[in-house]
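Below: one structure, written as structure tokens.
Hydrogens, waters and symmetry mates are skipped; everything else that's a heavy atom, side chains included, is used. A, B, ... follow the sequence lines: proteins, then strands. Residue 1 opens every chain.
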Amino acid sequence: MQHETIVGLETHAELLTETKLFCGCLNRFGASPNTLACPVCLGLPGVLPVINKKGFETALKAALALHCQINQFTTFDRKNYYYPDLPKNYQISQNYLNLGINGYLEIKYGGNKKRICIHNVHLEEEAGKLIHPESALGGGEDYSLVDFNRAGVPLLEIVTYPDMRGLEEVEAYMNTLKNVLLYTEVSDCKMQEGSLRFEASISLRPIGQEKLGNRVEIKNLNSMKAVLKALEYEMRRQKEVLESGETVSMETRLWSEPNERTERMRTKEEAHDYRYFPEPDLTPAVVEDRWLEKQRATLPELPLARRERFVAKYGLSDYDAGVLTEDKALADYFERCVTLHHSPKAVCNWVTNYVQRELNERRLEIKDFPVSPEMLVELVRLAETGDVSMPVAKEVFVEMVDTRKKAPQIVQERGLLQISDRAELESIIQEVIAENPNALADYKKGKKTALTFLVGQIMRKTKGKANPQMVNELLKKKLEAG
Amino acid sequence: MAVIDKKTIEHVALLARLELSEEEKELFVSQLGDILTYIEKLKELDTSKVEPMAYATATTNVFREDVPTPSLKLEEVLKNAPAKFQDFFKVPKVIE
Ligand SMILES: [Zn+2]
């Protein structure tokens, strides 16, 4: 039987603020344990949380970027559960009047475009961080350790409808969402620091069936790759269960990276009775129209819109436009180059090929890239005018990344100017033909590959500096003549 | 008929991490039952034209600026901890 895979995602993103959501402790990763904590975020008795305005506005911006309907009267609620990383034994979250509802995120993959509907976007506080000493400090300890630096950091939760069909859509959704959050400066989305986390729910149903199958939630997904691997595993597992005539049990499973499989969680379902009730310590937030419009006006051009603009305005392929807009900083770099150079396509070629290659190989981010747009364009021009050949230009580029020197300086220091002097080229051609009498004979017998061979030899002799078009032209003339 | 039974009391007690004796369970069945019966009584009022109350006063939009204030010193943070290890709170082992 053919099955359809149905996936929904919950995303947690830590917001880019200076301080925590309800107190003035710094929102900072990597500080020494338990040094960013105060009575409020430690949940000591008698304290009063106060909402961080920047955090609230950042969440609002995200909800707007995800085309949500905004609840202009929004409240906070207590989500009650016991866990050692939660100092108050409840998490301040939103349940009844979420900040944003009924939004969507448009994704593009292959040639397809699709809207993934967002159920809600809401604001809540982070829990602390649990450390299990058997992995951190060695030995099988019978205790866990808690660091409350992260407790109370503003967290945005984005919940989709079960709208994704298959892994391609899931991957496109995660990438697009991450990109939107980066573009809007809502989050730094550093997955390795836990700033961006995903939980997935997945069910299978026979193709053509309306009713959804039993749903399994998957947690402990520490990277996008883990999300995809866990879903792939779960697709296989559920398919086998269904095909053997059994039913999939509704449960929460944990992804085990070392075992490459999902495993049933040991906690009882009973634990998921959160008994939400309105948070009496926080006043409701009322977002007046003017405030809402002001926030809307701060939204930058979003990745997909930018991608489409790159195609329409600069004549780039959709693929190239996608590569460039994947990273806001890279797209900014490209556009800066375009203001300095007449051909967006030429610039795009350099950025998507050579700049990206160096970024990948050196594991650099574009903001730290030693070659500025101005420097790159200068090099592109040298290659264009024929002052340096393309192979030499590529070499010069690598050296620019190594040394931060400008292209003309490198060209001059190393004597890399392209040889475009007719007399000089003719004499080099003469030499090469003399050194390779066989090639000449082959050519006369009609072997056209001999020409390519000779061009290669000339390039070698000139260390790639000979103007290739002129070499071709002059060499042909010479060979024809005799 | 009781509005609340012993099973519910046990469930609520578990969620609140409370250990109750059999006598206490019986007591709370009747006490919580009385409270819920009273709430049922309140529900008889027509509230269809009343806005749900989210907060005790009419105050809204109390915010703070995103400006840091000093955190506690590590010693102070850990001062009330029932158990600690190095710079951390120490808790019973948590495993999923
Ligand atoms: Zn604090």
Side-chain angles (χ1 to χ4, degrees), chain A residues 17-19 22-27 32-39 41-42 44 50-56 73 75 80-85 89 96-97 128 130-134 141-148 219-220 254 265-267 270-271 273 275 278 280 282-287, chain B residues 4-20 28 32 35-36 39 47 50-96:
Chain A
T17 55
E18 196 57 34
T19 65
F22 300 119
C23 64
C25 291
L26 285 174
N27 167 14
S32 158
N34 292 305
T35 54
L36 305 179
C38 73
C41 55
L42 286 171
L44 299 188
V50 186
I51 311 169
N52 178 340
K53 190 171 184 190
K54 169 85 187 299
F56 185 82
F73 182 89
T75 56
N80 300 280
Y81 65 96
Y82 279 86
Y83 212 67
D85 61 4
N89 295 332
Y96 299 112
L97 291 165
L130 275 168
I131 292 138
H132 308 294
E134 72 266 347
E141 304 293 353
D142 59 351
Y143 56 85
S144 298
L145 301 174
V146 197
D147 172 7
F148 285 117
K219 297 188 175 194
N220 197 33
L254 295 177
M265 225 169 110
R266 273 178 279 184
T267 337
E270 198 164 32
D273 185 347
R275 297 150 294 145
L282 292 170
T283 66
V286 177
V287 185
Chain B
I4 202 162
D5 56 15
K6 203 171 121 190
K7 242 182 98 183
T8 313
I9 293 291
E10 282 168 349
H11 175 64
V12 173
L14 177 76
L15 291 174
R17 302 294 184 270
L18 293 175
E19 263 179 64
L20 302 179
F28 291 138
L32 272 180
I35 293 170
L36 290 180
I39 299 286
T47 55
V50 182
E51 281 286 316
M53 189 179 86
Y55 195 65
T57 69
T59 321
T60 58
N61 288 6
V62 177
F63 292 108
R64 43 172 278 271
E65 292 304 316
D66 187 21
V67 176
T69 52
S71 297
L72 293 177
K73 288 202 184 75
L74 179 66
E75 308 81 72
E76 286 177 298
V77 167
L78 294 174
K79 207 167 179 178
N80 293 318
K84 53 194 156 194
F85 179 80
Q86 293 172 357
D87 298 344
F88 296 93
F89 289 80
K90 190 174 166 187
V91 297
K93 190 185 183 84
V94 188
I95 25 157
E96 274 304 354

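- When every heavy atom of A/Asn34 is checked against every heavy atom of B/Phe88, the shortest pair comes out as ND2-CA, 3.5 Å.
- Using a 4.5 Å cut-off between heavy atoms, A/Cys41 does not touch chain B at all.
- The minimum heavy-atom distance linking B/Ser71 with A/Ala37 is given by the pair CB-O, 3.4 Å.
- The aromatic rings of A/Phe148 and B/Phe89 lie perpendicular to each other, with more than 60° between the two planes, well past the 30° mark.
- Heavy atoms only, all atoms of each residue included: B/Pro68 and A/Glu18 are closest at CG-CG, 3.9 Å.
- Closest approach of B/Glu65 to A/Asn52, counting heavy atoms only: C-OD1, 4.5 Å.
- Ranking B/Val91, B/Thr69, B/Thr57 against chain A, the residue ahead of the rest is B/Val91, based on heavy-atom pairs under 4.5 Å.
- Contact detail for B/Arg64 and A/Phe22: the closest heavy-atom pair is NH1-C, 3.9 Å.
- By number of non-hydrogen pairs under 4.5 angstrom with chain A, the leading residue of B/Asp66, B/Asn80, B/Leu72 is B/Asp66.
- Taking CZ from B/Arg17 and CG from A/Asn89, the interatomic distance works out to 8.5 Å, rounded to the nearest 0.5 Å.
- Proximity to chain B is limited to the backbone of A/Leu282, based on heavy atoms less than 4.5 angstrom apart.
- Both the backbone and the side chain of A/Pro284 come within contact range of chain B, judged by heavy atoms closer than 4.5 Å.
- Between chain A and the residues B/Thr60, B/Thr59, B/Asp87, B/Asn61, the most heavy-atom pairs under 4.5 angstrom are made by B/Asn61.
- Heavy-atom pairs under 4.5 Å with chain B were tallied for A/Thr17, A/Val286, A/Thr35; the largest tally goes to A/Val286.
- Closest heavy-atom contact between A/Ala285 and B/Phe63: CB-CZ, 4.0 Å.
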